[in-house]
Amino acid sequence: MHSPNQIIYEFSHTRSEPPAPHPIAPRRQDIEWLFTALFDAYGPRNWWPTVHGGSFELVVGAILVQNISWGNVERALVNMRDTDVWSFPSILETPDEEMHEIIRPSGYYKAKTRKLKEFAEFIISRYDGDLDRLFALPIDEMREQLLSVWGIGEETADDIILYGAHKPSFVIDTYTKRLLGRLGWEIRGNSYSAYQQLFHEMLPHDTYLFNEYHALIDHHVARFCKKKPLCDRCVLANDCPVGLGITQP
Ligand code: SF4
């Protein structure tokens, strides 16, 4: 694994062709260009964001962040730490109503309470509560195990694999889909696995590269490529059909 501030990939800085009015299938140079453009603009993001740090917090945060912004998750994590619900056994022991109040800031607190308890049950019963034993599995096996837990979908599983186990599984989210769509890139199938396959086929399977790439996309989209995009302030505007006014957002 590479150190957090080390970037080893120097991809092409320019796209070989101007943006097209119609969607195109992205090529390797497009995927490489996007990474370089975002990295040059924002620098390393050094994800995963933490409050106290550690694998337990990473997994809990990956579950709580579903459908909500990270700021809300931080408040829930602080509540969990302050009330000493800071281990998988303590999650199981805490009555549902109490958990609801503790993680309320993260939204969907009833469903997320169940998800946390399902995961706690899983990791205790299968791995004696030891995340490192889960993280030691090969990626495909770990992913299969994670997806077997109620409430763990593909994005959450890949968050845990990439940022928790530090193994290369590219994370796809709604921000990724929005950005690629606005750049005029059409992904055949439009499914989570189709997007992931694109990055897996076009890039070296490197944990640090996947870590930074996903974090850079989220950083960029959250600030500029919003539902109503701020194209006049966007570093990608000259290479984006929406930014150039060729297509609508
Ligand atoms: S130019 Fe506009 S639509 Fe294109 S990536 Fe930037 S903010 Fe998004």
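When a ligand or atom number is given, it counts from 1 through the structure's own listing order. FYI, the numbering just counts along the sequence from 1.
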**Message:** Using the side chain to side chain contact (heavy atoms under 4.5 Å, CB included) definition, which of the options F210, Y163, Y195, Y213 pairs with V171?
**Reply:** Y163
**Asked** Do any pairs count as a ring-ring contact (aromatic ring centres under 6.0 Å, His included) and have a residue in residues 56-78, sequence neighbours left out, and if so which ones?
**Response** W48-W70, F56-W86, F56-F88
**Message:** Restricting to salt bridge (Lys or Arg N to Asp or Glu O under 4.0 Å), what partner residues turn up for D232, sequence neighbours left out?
**Reply:** none
Taking distance alone, no hydrogens or angles, what donor-acceptor pairs closer than 3.5 Å link side-chain atoms of residues 102-120 to residues at least two apart or in another chain?
from : atom 1 : to   : atom 2 : distance (Å)
R104 : NE     : E101 : OE1    : 3.3
R104 : NH1    : Y109 : OH     : 3.3
R104 : NH2    : E101 : OE2    : 2.7
S106 : OG     : I103 : O      : 2.8
K112 : NZ     : L64  : O      : 2.6
K112 : NZ     : Q66  : O      : 2.7
K112 : NZ     : S106 : O      : 2.8
T113 : OG1    : Y109 : O      : 2.7
R114 : NE     : E118 : OE2    : 3.3
K115 : NZ     : Q66  : OE1    : 2.6
K117 : NZ     : T94  : O      : 2.4
K117 : NZ     : D96  : OD1    : 2.9

**Complete:** Given a cut-off of 2.8 Å, the protein N, O or S atoms lying below it from atom 4 (Fe) of ligand 1 are C240 SG
**Request:** Assert yes or no for the condition that the ring centre distance of Y127 to F122 is strictly below 6.0 Å.
**Result:** yes
**Message:** Tell me if the CG atom of D82 is crowded by more than 12 foreign heavy atoms within 6.0 Å.
**Reply:** yes
